[in-house]
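A note on names: the letters A, B, ... follow the listed sequences, proteins ahead of strands, and every chain is numbered from 1. All figures in this text were calculated on a predicted structure; none of them were measured in a lab.
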Amino acid sequence: MCTSCGCGSANLRKLNKAGKEKVVPEGYHVHSDGTIHTHADDLVDHQHHYEGGGQHAHPHPDQSERRVLELERKVLEKNDRYAGENREFLAKRGILAVNIISSPGSGKTFLLEKTLERLKGKIPCAVIVGDIQSSNDARRLQGKGAKVHQIETKSSCHLHAEQVGNVFHEVIDKKTKILFIENVGNLVCPAAFDLGENFKIALLSTPEGEDKPVKYPVIFSDAKVIVLTKIDLLDHVDCDLKKVRKNIRQLNPGVFVFELSAKTGEGMDAWIDYLAKLTA
Amino acid sequence: MHELSLATSLVEQITVIMGNEGASTLHSITLSVGRFSGVEKEPFEFAFPLAAEGTPAENTRLIIEVTEMKVKCKACGKETVHDIPLAKCGKCGSLDVEIVSGREFKIKSMEVE
Ligand SMILES: Nc1nc2c(ncn2[C@@H]2O[C@H](COP(=O)(O)OP(=O)(O)O)[C@@H](O)[C@H]2O)c(=O)[nH]1
Ligand SMILES: [Mg+2]
Ligand SMILES: [Zn+2]
């Protein structure tokens, strides 16, 4: 039944145009002109706009007529709805969720290993990690005080919201304060899929070069936090930090930037302190 | 390539819309795709017919309108177009802007029968 206008139950039996009686089952919907359609599928956000006398604004014209439907509907509305549910679930429990995105090998898992070690016993964490194949990353993250779950996405190059929401119960408990979601290593695809996180964190490691933000502007402008990793390698790679900062600022003036090495620990204090303050 | 999974989502959505409208033929579909939506026009045009095979969207004319990155400033009221996905007013520099276009990925219209 359509809960916004209730006409599914009130008009359970109604005459159609031809004057024949139709029985309208649960989940179906009858309009004042007698046409019937279903609301059973949950893919459609079916809105009712009333113009005065209870007339439905959306037309149900003759089915054989060629016509243009003006829609203005997001293609990812299904993912967005799952993301919205995830966000609500997390907000109710006061959990901070971050969606960590970078190229493969930038150091997402390594940074998480070090982060979990530092937060162990202080801030209860959970981790969901997405990879196309294998559970290597989950194994690396075990034994650091956080519950970890690996999603193997198989052929898919990104996590989507339903996948993530389905495994919340594997990692989240009453104490959880931070949920880290390590996305599939890819700078393009994950950017289009909201998972219900509070914000996205993009990682960029110094060997990748300073023009990554210019080449992948979508993710680097979306992220609220950018972590420049592997700064211990600055002497060995062709990467000018000043240029990186400039490229980032031009694209995303309000972003928080952390410059650190998960390996040597340089810059890690500011990062850990930031996470602690967010969850305090 | 996430265009195939996006195309599959789109085809699912089309099928539902057509069911609700009682339509059986989809002549054309027009999408509005922001230049910085994360969706690329060419791969999507390649993926759509693959996803549409055996559905009411098979053989449909796909029209993709790519929109520019445009922001409207809440401080000075001006609209500016950027060639990067910058959420900043190009006139007064304010960060208090509304994104008018350039990031969206949506169905604009469908011509059905
Ligand atoms: N030198 C150095 N190496 C790092 C740093 N962070 C990660 N790595 C190395 O980079 C490689 C890839 O890291 P990983 O965490 O698996 O990357 P992911 O694919 O983004 O999860 C591993 O060999 C790490 O040890 C760092 O700060 N400095
Ligand atoms: Mg990893
Ligand atoms: Zn302005």
Side-chain angles (χ1 to χ4, degrees), chain A residues 29 35-46 58-80 153 155-160 184 186-194 213-214 216-222 247 249-255, chain B residues 1-40 43-44 48 69 82-89 93-97 99 102-113:
Chain A
H29 185 96
T35 55
I36 295 173
H37 69 169
T38 177
H39 283 210
D41 62 86
D42 62 0
L43 289 166
V44 175
D45 178 21
H46 180 97
H58 59 152
H60 288 251
D62 191 337
Q63 304 200 344
S64 62
E65 194 185 315
R66 187 161 171 163
R67 59 200 188 271
V68 174
L69 312 171
E70 300 292 343
L71 293 157
E72 297 290 329
R73 272 167 55 169
K74 292 174 85 172
V75 177
L76 287 172
E77 64 187 11
K78 188 174 159 198
N79 183 72
D80 285 355
T153 61
S155 64
S156 179
C157 47
H158 59 269
L159 289 170
H160 59 77
V184 180
N186 185 321
L187 280 173
V188 180
C189 311
F193 292 82
D194 183 7
V214 180
Y216 300 91
V218 174
I219 181 58
F220 285 101
S221 69
D222 255 6
N247 287 340
R249 289 282 163 230
Q250 272 180 352
L251 195 64
N252 192 340
V255 71
Chain B
M1 196 185 72
H2 62 315
E3 274 74 11
L4 188 58
S5 75
L6 294 174
T8 306
S9 307
L10 174 62
V11 168
E12 275 175 29
Q13 207 173 355
I14 289 172
T15 309
V16 171
I17 293 169
M18 290 183 61
N20 286 330
E21 291 290 335
S24 56
T25 312
L26 179 62
H27 292 287
S28 70
I29 180 162
T30 306
L31 306 182
S32 182
V33 178
R35 192 172 151 200
F36 299 104
S37 62
V39 184
E40 294 295 325
F44 195 84
F48 183 74
M69 183 71 201
H82 296 296
D83 56 8
I84 52 172
L86 180 63
K88 181 178 173 178
C89 175
S94 168
L95 298 181
D96 191 14
V97 294
I99 293 171
R103 302 303 306 263
E104 76 280 17
F105 178 40
K106 62 187 183 191
I107 307 177
K108 233 176 130 180
S109 62
M110 285 164 56
E111 191 185 2
V112 299
E113 187 166 346

- Task: Please name the residue in the list B:Ile29, B:Ile107, B:Val112 that meets the side chain to side chain contact (heavy atoms under 4.5 Å, CB included) test with A:Leu69.
- Result: B:Val112
- Query: Under a 4.5 Å heavy-atom cut-off, does chain A meet the side chain of B:His82, its backbone, both or neither?
  - Reply: neither
- With rounding to the nearest 0.5 Å, note down the distance linking CD in B:Gln13 to CZ in A:Arg73. 5.5 Å
- One option among B:Lys88, B:Glu104, B:Glu40, B:His27 has the most heavy-atom pairs under 4.5 Å with chain A, and it is B:His27
- Item | Shortest non-hydrogen contact between A:Arg66 and B:Glu111, atoms and distance | NE-OE2, 2.9 Å
- Item | Heavy-atom closest contact (A:Arg67 atom, B:Glu21 atom, distance) | NH2-O, 2.8 Å
- Note on the structure: Partner of B:Leu86 under side chain to side chain contact (heavy atoms under 4.5 Å, CB included), picked from A:Ser221, A:Pro253, A:Pro217, is A:Pro253
- Query: Tell me, side chain or backbone of B:Leu95 under 4.5 Å from chain A's heavy atoms, or both, or neither?
  - Reply: side chain
- Message: Which heavy atom of A:Lys78 sits nearest to which heavy atom of B:Glu12, and what is that distance?
- Response: NZ-OE1, 3.1 Å
- Checked A:Leu71, A:Asn79, A:Leu76 vs chain B; the most non-hydrogen pairs under 4.5 Å come from A:Leu71
- Query: Non-hydrogen atoms of chain A under 4.5 Å away: do they reach the side chain of B:Lys108, the backbone, both or neither?
  - Reply: both
- Heavy-atom closest pair, residues B:Arg103 and A:Val218: NH2-CG1, 3.4 Å
- Query: Any side-chain heavy-atom pair from B:Ser5 and A:His160 closer than 4.5 angstrom?
  - Reply: no
- Item | Which atoms of B:Leu6 approach chain A - backbone, side chain, both or neither, heavy atom under 4.5 Å | both
- So which part of A:Phe220 gets closer than 4.5 Å to some heavy atom of chain B, the side chain, the backbone, both or neither? neither
- Within a strict 4.5 Å, meaning less than it, do heavy atoms of the A:Asn186 and B:His2 side chains meet? no
- Value for CD (A:Glu72) from OG (B:Ser32), rounded to nearest 0.5 Å, stands at 7.0 Å
- Applying a strict 4.5 Å limit to non-hydrogen atoms, the region of B:Ser37 in contact with chain A is backbone
